[in-house]
Peer 1: 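What follows is a structure written as structure tokens; I'll ask about it next.
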Amino acid sequence: METTVTKKTERLIGKPIRRREDPRLITGTATYVEDIELPGMHYAAVVRSPHPAADIKGIDTGAAEQHPGVVAVYTGKDIDHLGAVPCGISLPDLRIPHHHLLAQDRVYYVGHPVAVVVANDRYIAADAVDLVEVEYEPTDSVSEPEEALEAGAPAVHAEWPDNVAFTHHQEGGDIEKAFAEADVIVKERIVSQRLAPSAMEPRGTVASWNSGDESLTVYSSTQIPHILRTLMAGVLGLPEHKLRVIAPEVGGGFGSKCELYPEEALTAFIAMKIGKPVKWVLTRRDEFLATIHGRGHIDYYELAAKKDGTMLGLKVKIIQDVGSFHMLLTPAMPTLSVLMLPGLYRFKNVHADVVGVFTHRMATDLYRGAGRPEATHGIERMVEVLAAELGMDPVELRTKNFVPPSDFPYDTPMGVSYDSGNYAAILEKAVQTVGYSQLREEQQEARRQGRLMGIGIATYGEICAFGPSPALPTGGWESATVKIEPSGQVTVMTGVSPHGQGSQTTFSQIAADELGVDIDDIVVTHGDTSTVQHGVGTFGSRNTAVGGTALVLAIRELKEKIETYGAMLLESDDVSYAAGVCTCNKTGKTVTLGEIAMTSWTGPTYPANTQPGLVATNYWEPPNFAFPFGAHIVVSEVDRDTGEVAIQRYLAVDDCGKVINPLLVDGQVHGGVAQGLGQALYEQVVYDDTGQLVTGEYMDYALPKAAMVPTIETDRTETPSPVNPLGVKGVGEAGTIAASPAVVNSVVDALSHLGVRHIDMPLTPEKIWKLVQQGGSA
Amino acid sequence: MKISGSRLLDLDQEQCYRALQDPSVLERCMPGCRSLVRVGEDTYAMKMKMALASISGLFDGKVRIADRNFPHSFRLLVEGSGRIGFLKGDGLLQLTPENGGTSVGYEGEVRVGGTISAVGQRLMDTTSKMMIKRFFDKLAESLTPPQQ
Amino acid sequence: MIPQEFNYSRPGTVQEAVDLLADGEAKVLAGGMSLIPLMKLRLSAPEHVVDLGRIPDLSRITENGGSLHLGALLTHHQVATSALVQEKCPLIAETASHIGDAQVRNMGTLGGSAAHADPAADYPAALCALEAKVRLVRRDSERVVGIGDFFVDALTTAVEPEEIITELILPVEEAGTGVSYQKLRQPASGFAIVGVAARVRKDGGRVAMARVGVTGLAASAYRATGVEALLEGSEGSQADVAAAAAAVDEGIEAISDLHASSDYRRHVARVYTARAIQAAL
């Protein structure tokens, strides 16, 4: 593995610097929520509903309360004065059921929290959970969203018998005209199944109440410490300035920790009630039940085109499985899909109808890609269906329809503006690298031999680097504070809250280059609302583009101050700062950053009209999103006797704008591809027809293991984003977005001569075998 | 989950019908049944310990007999809940004379919830078949007069 | 993921272990790959756990007059990588190498897998094809049970609560015998959707001996004697193998679950039976 020895004069941006987070992570010295021990710690455990829908007839907490070591048991009536689990999205006809921290008189999904037990020992707490007697009267439930929409289906919420949670409509261009002018219209029902985000560290919270100053400290495994503080203060009715939230080491989130969960607020509530610190950590079993799921789409696509392959317009109906309650951003998920419906193609007519549906299931919300994978999967499948219909090569069809490089910034019919790109070039690069025309010849030969070989292409564009503030209920800016310590070392406090992305490394590289100091002289901290100025958090591939830019701008402001101090020390009015040294441009005399920093803090004299100290804070709001893009190509072979899929090659060519650290970009692509491939081939959250979650453990929920992920070849083009001064776009979600259509396209391609046009994920061997059987022995 | 099947018992139809509704017979033959106490017309409270190798759990439940049509058919409703989950079964039993004995056909649905369904789906089918088999094996054994 | 309270004993010898088990109330812990997850989920709540993990006598590999004796506590990794096992009984070594993942292979044990009798476990297919014998020891006596009487039903074996498995006795493979284990993996658990173990020996152009063990298809692993009968005496041509393999699910009630329907399992069992036999031939 390549490592880079850093010198002050060497630029680090673009270098494969090893992750500065890893020593603590791989030596077990990182501090996760579970590692936090406070004197007098108590433990909370949650009693959950085994029923998807039931009235609660009574709860007997007596036996649990009398169990030695148990200090309290709380049920719905104890918390009904507290605020609801928040939904931060507004849509004109959005229906938001009141989402109590604990069930009141009804449960709405398997796993719904009904009571919480607190004990002085976590084993006792777990035992006492079993002692809480809840009398349920089960009622009919509805699990499938399309069934929930049917007349007469059980109402999830009695006040809305149609089970419609929201609708959303967006259109651009003239869809009727486009379809009237079309030579061909292809249609498909495409499902993006529910997935479990599966962060390596389960959710967990520790809360500690100081009754002396009436302040609360909350450690939580979260991606959004500052937002969590605002939300939690609201739910608890606690003044926000009395609440400190700390995101300690967080072991992944993939969007699932971008929430205020009931248990987080309950843990805080209990700590305030009993006056002792309380820890609650979710088990993996409960993680499946009670952490948000991703995706959950049933989409109906119609794509209109001319005979020559010119795509004219797209009609889509999206059915979003909401679950029984909204979480923080749930209703926004399908609206993000809508923004990306046209993909990289230049047709101007799009018509999208979304309906969010209540079901007796855990809520869906953001999971790596969050709305964009569904849209990309849809358009990239439809392009293949159209190519098959027209008998056109899918590369040629795509290239014919791409937005040309001359059209950027490109205004899409969905009202967003693609910042920069060269789509034909990246597909061409992928096609050349993989040896596409030769693969097509091999495929012909394989078919002659009776083998089922497939070549799958997916191109994608994604909307990321969230984002301008109108797009986010949280504000779309990010912040950085840069402080030069008296000895000259640098402390960066960022408002983002990385949890596996490696942003301490990339931000160190950025700061090292901007300030011209050694990377070892930089520390990047984050995640504590008491020490970090303020922040939005980490999601939507925004850290580097938005948080990194705030950092650059803070340093640039600071450099002016450094030069002011340098000028005073050098007794010159013509100085310049570079590479850790301020130089008098007339005499060549220098002072170091360390000397300047010490003077700035300790004096004895300061420049006129200049405050002591070297600290600068910047809050930066991007003028637009950034739009990375790429082309992935997958070669697969299907075992015609069993339907098993073997991925033989996986090529990912991505353009995430300017690359800060290629090692981390590759890592993000690898991890993202593994998750997208997991969706394509293996993963699915399954509720049975009685509303029971039957994939409740990794025994049945098939997360891809390392041995199941093929070697991933990576390559790049680099098209800088004009949106931010770093020119970066984002890469956190790209792999996930591209992989599922690339894999599915490959397998469908392997079966296309048997008349197969579409297969829903996951591509289980049985599903494929049945299709091969139906296709005969062609 | 739907279950169905049939089992030939070496008893005449009327004996068979009575045996299948005799609480003492059910108590003896239902796998894991610890006690069956009459609590009302055709209704019994049941305590059972489900045990399958290392897996075990105590269930409190109810057994109800309905839609009697002597000696042809009746419905058996079983429900139970415990720490590891709940189960609910509703089955129609039909008795027809066959080869001097009686064929007991059963057709119904079993619903299982909680931990057992969340982590045990792959064993559910096998286990329910096994439980039914054990029930009929026990029944056949207990109804056959000991051979001298 | 927190088990209920239980008593824990760690005997140092087989005798100490069976003394602890004599009341029939304790549960035996070997590698813990099945029992510990069940206990953490509270699906299993034994009051007393007897951990065999530190009994040195149970990890031996010995050859004795045409038989290979494998201690019950040998890990899958040890069985897979032992040069002696690979040479004398390659089928069990090959099967061990397909179990679960590296972590499971380093913890899970031969005896534990046999005793748990998961309908989808890999070992039972090979044990059936090998016509293995299982030595069961209790306080005052011991017995040897043939594999045909050992696997009773799903998760149910001939092992009584007072007994432990001390060793599995496998035949030393005759020269000229080919073996193979082929499985379709369940992607989540690594268990077999269907797994087929085959041993075949040809003599004078004809199949002189064929043994086929199947896991995953039925409630418990079994020997596909119909396949064996069709194959033995045939030339072992591709057509012979296909015809024989088609009998693998005869009289079998096939399992169905989330990952594979019973029809698909039957089909895959035929395909994999043919493949295992072909590979062994």
Peer 1: Might you confirm whether atom CZ of B/R7 has over 12 heavy atoms from other residues, nucleotides or ligands at distances under 6.0 Å?
Peer 2: yes

Peer 1: Going by the rule salt bridge (Lys or Arg N to Asp or Glu O under 4.0 Å), which residues pair with B/D90 if we only count those two or more places apart in sequence or in a different chain?
Peer 2: B/R75

Peer 1: Which region of A/L131, side chain (C-beta onward) or backbone (N, CA, C, O), has a non-hydrogen atom less than 4.5 Å from a non-hydrogen atom of chain B, or is it both or neither?
Peer 2: side chain

Peer 1: Under the rule for salt bridge (Lys or Arg N to Asp or Glu O under 4.0 Å), what residues qualify as partners of A/E135, not counting sequence neighbours?
Peer 2: none

Peer 1: Counting only heavy atoms not in A/K767, do more than 12 fall under 6.0 Å of its NZ?
Peer 2: yes

Peer 1: Check each atom of A/V694 against the heavy atoms of chain B and say whether the ones under 4.5 Å are side chain, backbone, both or neither.
Peer 2: both

Peer 1: Determine the option with the most heavy-atom pairs under 4.5 angstrom with chain B, choosing from A/G111, A/G691, A/G696.
Peer 2: A/G696

Peer 1: Quick check for you: to the nearest 0.5 Å, what is the distance between A/T690 atom OG1 and B/K88 atom NZ?
Peer 2: 10.5 Å

Peer 1: Where on A/T695 is there a heavy atom nearer than 4.5 Å to chain B: the side chain, the backbone, both, or neither?
Peer 2: backbone

Peer 1: Near B/E107 CD, under 6.0 Å, is it more than 12 heavy atoms from other residues, nucleotides or ligands?
Peer 2: no

Peer 1: Donor-acceptor pairs under 3.5 angstrom involving side-chain atoms of residues 114-124 of chain B: please list them, not counting sequence neighbours.
Peer 2:
residue: B/S117; atom: OG; partner: A/Q692; partner atom: OE1; Å: 3.4
residue: B/S117; atom: OG; partner: B/G114; partner atom: O; Å: 3.2
residue: B/Q121; atom: OE1; partner: C/L258; partner atom: N; Å: 3.0
residue: B/Q121; atom: NE2; partner: A/D700; partner atom: OD1; Å: 2.8
residue: B/R122; atom: NH1; partner: C/D118; partner atom: OD1; Å: 3.0
residue: B/R122; atom: NH2; partner: C/D118; partner atom: OD1; Å: 3.4
residue: B/R122; atom: NH2; partner: C/D118; partner atom: OD2; Å: 2.5

Peer 1: Are there over 12 heavy-atom neighbours, none belonging to A/K705, within less than 6.0 Å of that residue's NZ?
Peer 2: yes

Peer 1: Going from CZ on B/R83 to CG on A/D127, what distance comes out if it is rounded to the nearest 0.5 angstrom?
Peer 2: 8.0 Å

Peer 1: Got a sec: does the CG of A/D55 have more than 12 other heavy atoms crowding it under 6.0 Å?
Peer 2: yes

Peer 1: Taking atom NZ as the centre, does B/K47 end up with more than 12 heavy-atom neighbours from other residues, nucleotides or ligands that are less than 6.0 angstrom away?
Peer 2: no

Peer 1: Can you list the residues of residues 44-53 of chain A that sit under 4.5 Å from chain B, counting heavy atoms only?
Peer 2: A/P50, A/H51

